[in-house]
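Input: a single structure, listed below in structure tokens.
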Amino acid sequence: MSFLCQPVSRAFSSSALRSSVFKHVTVIGGGLMGAGIAQVAASTGHTVTLVDVSEDVLKKTVKGIEGSLQRVAKKKFADKPEAGEEFVRKVLQSISTSTDAASAAQTSDLVLEAIVENLQVKQELFGRLDKLAPVHTIFASNTSSLPIMDIASSTSRLDRFGGLHFFNPVPMMKLVEVVGTSATSQETFDSLLNFSKALGKTPVSCKDTPGFIVNRLLVPYMMEAIRLHERGHGSKEDIDVAMKLGAGYPMGPFELCDYVGLDTMKFIIDGWSANNPADPLFAQSELLNGLVAEGKLGKKTGEGFYKYKVFVEILTGLHL
Ligand SMILES: NC(=O)c1ccc[n+]([C@@H]2O[C@H](COP(=O)([O-])OP(=O)(O)OC[C@H]3O[C@@H](n4cnc5c(N)ncnc54)[C@H](O)[C@@H]3O)[C@@H](O)[C@H]2O)c1
């Protein structure tokens, strides 16, 4: 499947094996994604500096990573609890924290951001770090929906800039979409591929197009399900049942929209339709816009396409 999105020159090749492997990694943003990426990187022999806006946030992030590692250790070292404790201790030792992105970047082979999904904020961050990071340092973004080139354009290292799109929850999800822009060098791209493999993930090569592979297929599918319902072609319930029982999907499209968050869906589709107004795949939905305007954002607010009595967190891995 990845071949559809794989420029010939960037197919997995022997040149990939020659590329450098990152040793010290700075992860900026210690939220849902950044915490997972830091945990996986530290668990696979990298040293990591995790950066966020305050010590308070970082304390909570590290506590979360510790809890997650303990769950991993319980499974991995079921018969050897002491080895499990040692594993948790060693991984945590490989993670340092900082509120100073600039000084962290100065000693890093890779700076990977997983901060708020806002182009200006990401550009400001990388523009600032570009002046301070060593020449060899590669920059990467974990953005779900923004063009990598738009973020990279705030720097003077376009050849050393790419996308590394992880999936939630990072410790469990095997896929990484490795994204090269038209300016990303082959060496940079290969290093990002190799890094993904070193994390124990399966990378696929992507061009810098809206949604890369997974979200490019998933978001238009979910939007078309909403439009199908708007056109009166089926109830939400029937469409959900149809896709679960007929296509074998674990969740129906309306259930998935509610799980992802309708605001997130709208944010992504607004951005894509602004950049590609003629593309019917990215057309707006009045129903979606109306629900968002009413504050009905899905599971997190107790109501979206469906109403939720109890807020239950399910880990399906189908996050955007
Ligand atoms: N949530 C997902 O399922 C998912 C999946 C793939 C990619 N992404 C992408 O990953 C990125 C992060 O998403 P998330 O869900 O982890 O968000 P989040 O809100 O959980 O975490 C973001 C973190 O970044 C910190 N932050 C914000 N601005 C910062 C700055 N200037 N410097 C340092 N730290 C800063 C915040 O304090 C917060 O802790 C976004 O670009 C998102 O599109 C998210």
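Model, not experiment: these values are computed from the prediction. Read the numbers this way: they start at 1 and go in the same order the structure lists the ligands and their atoms.
Distance check: Phe22 CZ to Asp109 CG gives 7.0 Å after rounding to the nearest 0.5 Å. For the atom pair CG (Asp263) and CG (Asp270), the distance works out to 11.0 Å, reported to the nearest 0.5 Å.
The distance criterion of under 3.5 Å between nitrogen or oxygen atoms is met by Leu32 with respect to ligand 1. Among the atoms of Glu113, none of the N or O lies under 3.5 angstrom from an N or O of ligand 1. In terms of polar-atom proximity, His165 is not counted as a contact of ligand 1, lacking any N or O under 3.5 Å from an N or O of the ligand. Residue Val121 places no N or O, backbone or side chain, under 3.5 Å from any N or O of ligand 1.
Ligand 1 places these atoms under 4.0 Å from at least one heavy atom of Thr143: 41 (O). Each of the following atoms of ligand 1 lies closer than 4.0 Å to a heavy atom of Asn168: 3 (O). For ligand 1, the atoms lying closer than 4.0 Å to a non-hydrogen atom of Phe166 are 5 (C), 6 (C). In summary, the atoms of ligand 1 found under 4.0 Å from a heavy atom of Ile28, numbered by their order in the structure, are 32 (N), 33 (C).
In this pair, Phe161 and Phe139 present their aromatic rings perpendicular. The plane angle is above 60°, beyond the 30 to 60° band.
When non-hydrogen atoms are compared, ligand 1 lies under 4.0 Å from neither the backbone nor the side chain of Phe167. For Asn142, heavy-atom contacts with ligand 1 shorter than 4.0 Å involve the backbone as well as the side chain.
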> Does the pair Phe305 and His229 meet the rule for a ring pair (Phe, Tyr, Trp, His ring centres under 6.0 Å), with working shown?
Replying inline: CA-CA 11 Å; Phe305 286 109; His229 173 57; 7.6 Å; no

> ring pair (Phe, Tyr, Trp, His ring centres under 6.0 Å) between Tyr221 and Tyr249: does it pass, once the steps are laid out?
Replying inline: CA-CA 12 Å; Tyr221 151 71; Tyr249 286 12; 5.4 Å; yes

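Taking the ring axis of Phe166 as reference, the NZ or CZ atom of Lys201 does not stay both within 45° of it and closer than 6.0 Å to the ring centre.
Atom 34 (N) of ligand 1 has its nearest heavy-atom neighbour, among Asp52, Thr264, Asn118, in Asp52.
Connection of Leu287 to Leu228 is established within a shared hydrophobic cluster, with ILVMFWY side chains joined at heavy-atom distances below 4.5 Å, either directly or through further cluster members.
By the neighbour-count criterion of 12 heavy atoms within 6.0 Å, atom NZ of Lys60 is sparsely surrounded, having that number or fewer from other residues, nucleotides or ligands. In this structure, Glu286 places its CD atom where only 12 or fewer heavy-atom neighbours from other residues, nucleotides or ligands lie under 6.0 Å away.
The closest approach between any non-hydrogen atom of Ala114 and ligand 1 is below 4.0 Å. At a 4.0 Å cut-off, not a single heavy atom of Leu125 sits close enough to ligand 1 to count as contact. Contact between Lys122 and ligand 1 is present, with at least one heavy atom of the residue lying under 4.0 Å from the ligand.
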